Amino acid sequence: MVQDDVTRRILAAIRAIPRGEVAGYGEVARRAGLPGRARLVARLLSGNDDPRLPWHRVLRSDGRIAFPEGSRGYREQSQRLRAEGVRVENGRVLGRRPAATLDEQIWGAPAPERAPSAKPEAARRRAARDKRS
DNA sequence: CGACTGACGGTCG
DNA sequence: ACGACCGCCAGTC
């Protein structure tokens with residue numbers, strides 16, 4: 001099976017993460033030249049079987065492990081990270097700085113008013129399921 | 001073609 | 001700090 005370009009680039013980006021460091025899914029996607037494809041990165045890892053791939057260095061952007069607490073992958077990832085000297089506490093990697101909102105970082109502007117919009121319940125249902133599982 | 005799903009990201013209350 | 005939501009991308013059904 002020949003891996004397509006995108007796949008290889010993503011894998012390369014993951015392998016490029018230095019030992020003892022971590023990166024978010026979206027970050028990896030960006031480094032692979034695929035901004036906005038964080039979910040694609042996640043999908044790849046979900047089907048990954050290569051043991052030498054440092055998948056454990058990939059976390060959610062907020063520094064939390066993407067697996068539900070207590071799950072197999074959760075423990076596995078925590079252990080692997082700690083083995084590299086990364087401090088992990090309650091599924092969260094320390095040393096990360098969530099920082100302020102982008103608005104403040106970039107524009108330093110106060111919260112602009114936001115026109116209320118309808119509630120697409122299709123998206124809402126998805127969000128609920130997404131969170132549960 | 002449209003609904004559902006997921007190792008996601010970001011905003012808001 | 002947290003949970004509820006919305007937005008996005010891609011693959012399945």
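All values reported here derive from a predicted model rather than from experimental measurement. Numbered from 1 within each chain, the chains take letters A, B, ... in sequence-line order.
With hydrogens and angles disregarded, a donor-acceptor distance shorter than 3.5 Å links the side chain of E27(A) to the backbone of G24(A). Judged by distance alone, with hydrogens and angles left aside, the side-chain atoms of E84(A) form no donor-acceptor pair with the main-chain N or O of R19(A) at under 3.5 Å. Although no hydrogens or angles enter the test, the distance criterion places a donor-acceptor pair under 3.5 Å between the side chain of S78(A) and the main chain of Y74(A). In this structure, N90(A) contributes its side chain and R92(A) its backbone to no donor-acceptor pair below 3.5 Å. Side-chain atoms of R64(A) never come within 3.5 Å of backbone atoms of G91(A) as a donor-acceptor pair (strictly under, hydrogens ignored).
Residue R37(A) places no side-chain N or O under 4.0 Å from the OP1 or OP2 atom of dC9(C). For dA1(C), the OP1/OP2 oxygens have no side-chain nitrogen or oxygen of R64(A) closer than 4.0 Å.
Within 4.0 Å of R39(A), counting heavy atoms only, lies at least one base atom of the nucleic acid.
The OH-P distance, from Y25(A) to dG10(B), rounds to 14 Å in whole Å. Atom CG in D130(A) sits roughly 15 Å away from atom P in dG3(C) (whole-Å rounding). Taking atom CD1 of I65(A) as the reference point, atom C1' of dC8(B) lies 15 Å away to the nearest angstrom. Between the C1' atom of dG11(C) and the CG atom of D4(A) lies a distance of 13 Å, rounded to the nearest Å. The CZ atom of R57(A) sits 22 Å away from the P atom of dA7(B) (whole-angstrom rounding). Counting to the nearest Å, the C1' atom of dC8(B) and the CG atom of L44(A) are 14 Å from each other. Distance R30(A) CZ to dC8(C) P: 18 Å, rounded to the nearest Å. Counting to the nearest Å, the P atom of dC2(C) and the CG atom of D62(A) are 10 Å from each other.
Of the candidate nucleotides dC8(B), dG10(B), dA7(B), dA7(B) has the atom nearest to the side chain of S46(A). Of the candidates dG10(B), dA10(C), dA7(B), the closest approach to any side-chain atom of W55(A) belongs to dA7(B).
Checking dC1(B) for Watson-Crick or G-U wobble geometry (two distances, each under 3.5 Å) identifies no partner in any strand.
DNA chain B is contacted by no residue of residues 71-79 of chain A, taking any non-hydrogen atom closer than 4.0 Å.
Checked for salt-bridge contact, D4(A) and R9(A) miss the test: no charged N lies under 4.0 Å from a carboxylate O.
Remark: Q79(A) CD is loosely packed, at most 12 non-hydrogen atoms of other residues, nucleotides or ligands lying under 6.0 Å away.
Nearer to the 5' terminus of DNA chain C, by closest-nucleotide assignment, is the contact made by R92(A) (compared with the other of R43(A) and R92(A)).
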